[in-house]
Undergrad: 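Mind having a look at this structure? Questions to follow.
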Number of protein chains: 2
Amino acid sequence: METYLSSVKNSCHLLKLFLDSPKELGVTDLSKRLGLSKGAVHKLLITLESEGLIRQNPANKQYALGYTLLELGNKVLKDHNMVEFARPHMHRLASATKELVCLCVIDGTDAIYVDKIDSQYPIRFDIEVYRRFPLYATSASRSILAYQAESFIDGVLSEELRTFTQHSLKNPSDVKNRLTQIREKGYEMSSNLRNVGVTGIAAPIFDAAGQVIASISTIGPTDRMVPAQEDWIAAVLDTTRTISLGLGFKSSN
Amino acid sequence: METYLSSVKNSCHLLKLFLDSPKELGVTDLSKRLGLSKGAVHKLLITLESEGLIRQNPANKQYALGYTLLELGNKVLKDHNMVEFARPHMHRLASATKELVCLCVIDGTDAIYVDKIDSQYPIRFDIEVYRRFPLYATSASRSILAYQAESFIDGVLSEELRTFTQHSLKNPSDVKNRLTQIREKGYEMSSNLRNVGVTGIAAPIFDAAGQVIASISTIGPTDRMVPAQEDWIAAVLDTTRTISLGLGFKSSN
DNA sequence: TACAACGTTCACTTATAGTGAACAAGTGGT
DNA sequence: ACCACTTGTTCACTATAAGTGAACGTTGTA
């Protein structure tokens, strides 16, 4: 049986509340959002503050995330072998397409962009790195989702699907059709699903165990992407194939 | 009275253990280092894992820091107004000196570099950002320490001083002499104290309340820094003065 | 000047955090 | 191929600390 430590879980929830909030939050506000008493939240805060994960603004007594989280977050990145390994290959792809190139990884039931190389065009599309989003949301993440276990996919798609544009995939069967196409073609090219006027081309990265744990994508304005699509699809597939082989993946056919 | 939540404190200690360790750690190892039973550590780990702050490698069952810490650390940086505000001024300084330019802030009894602009020379000195170090250790941090309350300074210097080179300041009185000089001159230039052959020039940034909460420094090989020292000292002082005024600091004389 | 909202403190009680031993699974050595 | 050791995991138990809710002191505003 999995029995969690309540106060630790509360402290995690508290920290995450800051992700979608302004810089500083007060005790009362936090206690309402967490559903805990003010006293309990205050104890959480002074404990986290003593460890540097939270810091209090002396001027207005409000609380904010502390610098120790910066240290810990940076350690995550330093430990991430994939970022280091993929970077030169991403650079090669970026110099070919001149568009945004992204490295996306799976974490639990979410996806995260852990690295990117910016487009060289003055008019360019940009993404936010280091921020969770649903696996069904973008080409990059769907390219990973497509190769997960059926039961896992169903689990991800069982919750209410968030939509980002009016063209976003609204129901599970639409997503599953896309995933099937990805498995057939080995990549996905999609437009307007996450951002209107934006097209992405993505393909999966396989590790030595044959698992898909990341993807490479190149993303840009649709009117630049479509004319070059054949070249960029080949370039993305070449990049992911090279990285996969470098990770020890043995292609079966 | 300050009564901390023990399990929250334990979870923080656990996370910080990873900072000076390899990527992955085991339950037994962690329990020894934390002085807790294996069962307790396991409960901590599965709780933190359920929140994404920790993740377990399925292959070897060992644990590592999770991606949620990346999200949280990035939010700290996004919320940090100083970084954004100082950046253009740092760029101006960097294009003048062509050496490494750093933004250092104080956090508790430690200092952290929260931003840097790399040197343009092929032979260059580099620092590690987002990582705590003692306030007495570098020009950048001493420039901040010098303007803190006397009692605070004594507190910082009351612990055993870490040394980094054979030239490092070894006892509190040496540090306090330096701090006095900083207050007299308004900047510090030092060589070999943190890295042999390396010279730094640093000056404090004052906020609207007259508090020193950050510093700007330029750092490089001693043989390039010494010949240009007068120009670079003036440039650093000009930079910090501009930033301080921009923050609302009213110089008293 | 009075009110309202805030962060902080405190005594209390129930829920739970941490223990230590037993368990299952895997590794490495002989 | 076997054994012995170490690993991560589970569990019942009890002392302990987590969370409550009301009261306090302070701050800024009407």
Side-chain angles (χ1 to χ4, degrees), chain A residues 1-18 21-66 79 108 208-209 211 248, chain B residues 1-18 21-66 79 108 208-209 211 248:
Chain A
M1 187 188 16
E2 284 184 341
T3 168
Y4 296 126
L5 303 187
S6 62
S7 63
V8 174
K9 219 165 188 16
N10 287 336
S11 67
C12 294
H13 291 161
L14 189 153
L15 292 173
K16 290 197 212 168
L17 275 183
F18 284 89
S21 306
K23 181 179 178 180
E24 297 175 340
L25 294 172
V27 174
T28 309
D29 189 8
L30 287 167
S31 77
K32 279 176 193 161
R33 298 213 218 174
L34 287 169
L36 290 171
S37 66
K38 284 203 292 177
V41 171
H42 185 253
K43 268 199 239 181
L44 275 171
L45 286 166
I46 62 171
T47 306
L48 291 168
E49 188 188 16
S50 74
E51 297 292 334
L53 302 224
I54 284 286
R55 99 199 124 89
Q56 186 179 36
N57 182 344
N60 60 9
K61 301 282 190 176
Q62 291 209 305
Y63 293 89
L65 296 177
D79 289 345
Q211 288 280 3
Chain B
M1 183 183 27
E2 283 184 343
T3 169
Y4 295 126
L5 303 187
S6 63
S7 63
V8 173
K9 222 168 187 10
N10 287 336
S11 67
C12 293
H13 290 160
L14 187 152
L15 292 173
K16 290 197 210 169
L17 275 183
F18 284 88
S21 306
K23 181 180 177 180
E24 297 176 339
L25 294 172
V27 174
T28 310
D29 189 8
L30 286 167
S31 78
K32 279 176 192 160
R33 299 212 218 176
L34 288 169
L36 289 170
S37 65
K38 283 203 293 177
V41 171
H42 185 255
K43 268 198 236 179
L44 275 171
L45 286 166
I46 61 170
T47 306
L48 292 169
E49 188 188 17
S50 74
E51 296 293 332
L53 301 226
I54 284 286
R55 98 201 126 90
Q56 186 179 37
N57 183 343
N60 61 8
K61 301 280 188 178
Q62 290 209 306
Y63 292 89
L65 295 177
D79 289 344
Q211 289 281 3

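Small disclaimer: the values here were computed from a predicted structure and weren't measured. Protein chains get the first letters and strands the later ones, always in sequence-line order, with residue 1 at the start of each.
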Undergrad: Consider the side chain of Ala40(A), meaning its heavy atoms from C-beta on, and name the nucleotide among dG7(C), dT20(D), dG18(C) that approaches it most closely.
TA: dT20(D)
Undergrad: Are Asn10(A) and dG19(D) close enough that a side-chain N or O sits under 4.0 Å from OP1 or OP2?
TA: yes
Undergrad: Measure the distance from CD1 on Ile54(B) to C1' on dG8(D) and round it to the nearest whole Å.
TA: 15 Å
Undergrad: With respect to the phosphate group of dT16(C), does any side-chain polar atom (N or O) of Ser7(A) fall under 4.0 Å of OP1 or OP2?
TA: no
Undergrad: So does Lys61(B) reach the base of dG26(C) with its side chain, donor to acceptor, closer than 3.5 Å?
TA: no
Undergrad: Got more than 12 heavy atoms from elsewhere within 6.0 Å of NZ, Lys23(A)?
TA: yes
Undergrad: Can you check whether Leu5(A)'s main-chain N or O pairs, donor with acceptor, with Thr47(B)'s side chain at less than 3.5 Å?
TA: yes
Undergrad: With a 4.5 Å cut-off on side-chain heavy atoms, are Leu45(B) and Leu14(B) touching?
TA: yes
Undergrad: Check whether any side-chain N or O of Ser6(B) sits under 4.0 Å from OP1 or OP2 of dG18(C), and answer yes or no.
TA: yes
Undergrad: Just N and O in the side chain of His42(B): are any of them under 4.0 Å from OP1 or OP2 of dG8(D)?
TA: no
Undergrad: Using OP1 and OP2 only, check whether a side-chain N or O of Tyr63(B) sits under 4.0 Å from dT9(D).
TA: yes
Undergrad: Expressed as a whole number of angstroms, how long is the span from Leu5(A):CG to dT10(D):C1'?
TA: 15 Å
Undergrad: To the nearest Å, how far apart are Leu34(B) CG and dA17(C) C1'?
TA: 15 Å
Undergrad: Expressed as a whole number of angstroms, how long is the span from Asn60(A):CG to dT26(D):C1'?
TA: 14 Å
Undergrad: By nearest atom, which of the nucleotides dA17(C), dG8(D), dG20(C) is closest to the Gln62(B) side chain?
TA: dG8(D)
Undergrad: Tell me the closest heavy-atom pair linking Arg55(A) and Leu65(A), and the distance in Å.
TA: NE-O, 3.4 Å
Undergrad: Please give, in whole Å, the distance from dC10(C) P to Ile46(A) CD1?
TA: 11 Å
Undergrad: Looking at Lys16(B) and Glu51(A), what are the two nearest heavy atoms and their distance?
TA: NZ-O, 2.8 Å
Undergrad: Contact class for Gly39(A) (heavy atom, under 4.0 Å): base, sugar-phosphate, or nothing?
TA: base
Undergrad: Given atom CG of Leu30(B) and atom C1' of dT7(D), what is their separation to the nearest angstrom?
TA: 13 Å
Undergrad: Let's test your reading of the model: under 3.5 Å, does the base of dG8(D) pair with the side chain of Lys38(B) as donor and acceptor?
TA: yes
Undergrad: Starting at atom CG of Leu44(A), determine the distance to atom P of dG19(D), rounded to an integer number of angstrom.
TA: 6 Å
Undergrad: Could you check how far CG of Leu45(B) sits from C1' of dT9(D), rounded to whole Å?
TA: 12 Å
